[in-house]
Amino acid sequence: MQDKFHTNTNILGILGHPIKHSYSPFMHNLAAELLNLDYIYLPFDVPQDSLKDALKGIIALGITGFNVTLPFKEGIISYLHSVSEEAAIIGSVNTVVNELGKLTGYNTDTTGIYETLAPYKDDFSGLEVSIIGAGGAARALVYTLIRHFKPSRINIINRTEQKAESLKIYFTDKMKYEYIHTYELFPHEIIPVLNSSKLIINATSVGMLPDTDDSPINTPKIFMKNQIVFDTVYNPADTRFLQLARGEGAITLNGIKMLVHQGARAFELWTGQQMPIEAIYDAVRKHLEP
Ligand code: NAP
């Protein structure tokens, strides 16, 4: 019997709104070209209330797979046929595979986070970590940290403390991890919290283009020598947050490695092929690093 739906168009894409600043089309199209694969990756700007219709279209057209970004990463779950265990725990999907009309959701941000932090594992595993932000990126960070790096304590610091508190309640229950503490983003209160953290992560959108002079924290003496400071923002690559940290002797990591590795894992899920990571990493860095 012939399958009702086909998924051999070799069309990939990203659904979001707005979508024009995404680097994913550049990365995936370049990877396909370098590997001589017949895939094309397109940006789809989907109006906020049209997600369900867009998914019907994807199934009808046989689009092989796609990424999902704001504002759909959480809401899409209820429309999918299944989600990976990881994406179900995190409560957020950024990659979907279409197999003969059945949509499966994954979260590959965790791969990007793991690959960025793993080289520093010995420096911060088992120690205190602070995350600034409580949105989708923060959820993937909390999951990956608990799963792979077993911190002694995770501080979630957010402008809206209630959202940080919701994350704490959620992950305490889902992952049986009882060492999450929450704070409002008030510079004076959080300085001691940040000073005692071995790893500090910006998971807010503050500092992103065009507001490149902004930083979630501008106060001096928040960073310390040999602390590891990771900014999930990748455009610009060198944010004000990272510049401040480097000025105080911290080791700084930008969001490009996370971007490339989350893409590489998605590419593998869709095509079964390894993305040529070094070449893509170099190409993205050429665009984003001064
Ligand atoms: P999100 O779900 O919309 O969350 C945004 C977060 O930023 C919230 O915690 C929000 O605080 C905070 N925020 C926004 N404006 C702020 C301001 N003016 N002052 C203080 N806090 C503010 O977004 P997301 O998906 O988590 O993305 C967050 C960051 O992660 C973005 O910069 C994105 O580029 C980055 N990211 C990077 C990668 C990568 O591959 N490198 C992948 C995914 C995401 P409230 O709760 O108070 O609103």
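Numbers for residues simply follow the sequence, beginning at 1. Start at 1 and go down the list; that is how both ligands and their atoms are numbered.
Comparing Arg159, His261, Gln162, Lys257 against atom 21 (N) of ligand 1, the shortest heavy-atom distance belongs to Arg159. Of all the listed residues (Leu167, Ile256, Asn158), Asn158 holds the heavy atom that lies closest to atom 10 (C) of ligand 1. Taking only non-hydrogen atoms, the option from Ser215, Gly263, Ser205 nearest to atom 5 (C) of ligand 1 is Ser205. Comparing His21, Lys73, Met208, Arg139 against atom 33 (C) of ligand 1, the shortest heavy-atom distance belongs to Met208.
Looking at Val206 against ligand 1, only its side chain comes within 4.0 Å, counting heavy atoms. Residue contacts with ligand 1 for Lys163 involve side-chain atoms from C-beta outward but no N, CA, C or O (heavy atoms, distance under 4.0 Å).
For Gly112, the heavy-atom gap to ligand 1 stays at 4.0 angstrom or more. A heavy-atom separation below 4.0 Å is found between Ala203 and ligand 1.
Between Ala134 and ligand 1, at least one N/O pair is under 3.5 Å apart. Not a single N or O atom of Leu185, backbone or side chain, sits closer than 3.5 Å to an N or O atom of ligand 1. Considering both main-chain and side-chain atoms, Gln262 never comes within under 3.5 Å of ligand 1 through any nitrogen or oxygen pair. Considering backbone and side-chain N/O of Thr204, one or more are found under 3.5 Å from N/O of ligand 1. In terms of N/O distances under 3.5 Å, ligand 1 is approached by Gly255. The shortest N or O to N or O distance between Thr160 and ligand 1 is below 3.5 Å.
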Full working for side-chain contact (heavy atoms from CB on, under 4.5 Å) between Asp109 and Thr232: CA-CA 10 Å; Asp109 284 337; Thr232 61; over 6 Å; no

Criterion side-chain contact (heavy atoms from CB on, under 4.5 Å) on Leu194 and Ile217, from CA distance to verdict: CA-CA 11 Å; Leu194 295 177; Ile217 299 164; 3.3 Å; yes

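Residue, atom and distance of the protein heavy atom nearest to atom 23 (O) of ligand 1 are Leu70 CD1, 4.0 Å. Shortest contact from atom 38 (C) of ligand 1 to any protein heavy atom: Met258 CE, 3.6 Å. The nearest protein atom to atom 26 (O) of ligand 1, hydrogens excluded, is given as Ala137 N, 2.8 Å; this is a heavy-atom distance. Distance from atom 35 (C) of ligand 1 to its nearest protein heavy atom, with residue and atom name: Thr232 OG1, 3.4 Å.
For the 3.5 Å distance criterion, the side chains of Thr104 and Ser82 qualify, holding a donor opposite an acceptor. Side-chain contact annotation: Asn155 with His181, donor-acceptor N/O pair under 3.5 Å absent.
The two residues Asp213 and Arg240 come nearest to each other via the heavy atoms O-CD, 3.2 Å.
Of all the atoms in ligand 1, the ones that sit under 4.0 Å from a non-hydrogen atom of Leu259 are 39 (C), 40 (O), 41 (N). In the vicinity of Val233, heavy-atom distances shorter than 4.0 Å reach the ligand 1 atoms 32 (O). Every atom of ligand 1 with a heavy atom of Tyr234 under 4.0 Å away is listed here by number and element: 39 (C), 41 (N).
Taking the centre and axis of the six-membered ring of Tyr143, the NZ or CZ atom of Arg139 falls outside the cone set by 45° and 6.0 Å.
Phe267 CZ to Ile277 CD1: the interatomic distance, rounded to the nearest 0.5 Å, is 10.5 Å.
Using cut-offs of 30° and 60° on the angle between ring planes, the pair Phe223 and Phe241 is perpendicular.
When each of Thr252, Val229, Ile251 is checked for a side chain to side chain contact (heavy atoms under 4.5 Å, CB included) with Arg246, only Thr252 meets the rule.
No donor-acceptor distance shorter than 3.5 angstrom exists from the side chain of Glu74 to the backbone of Gly91, with no hydrogens or angles considered.
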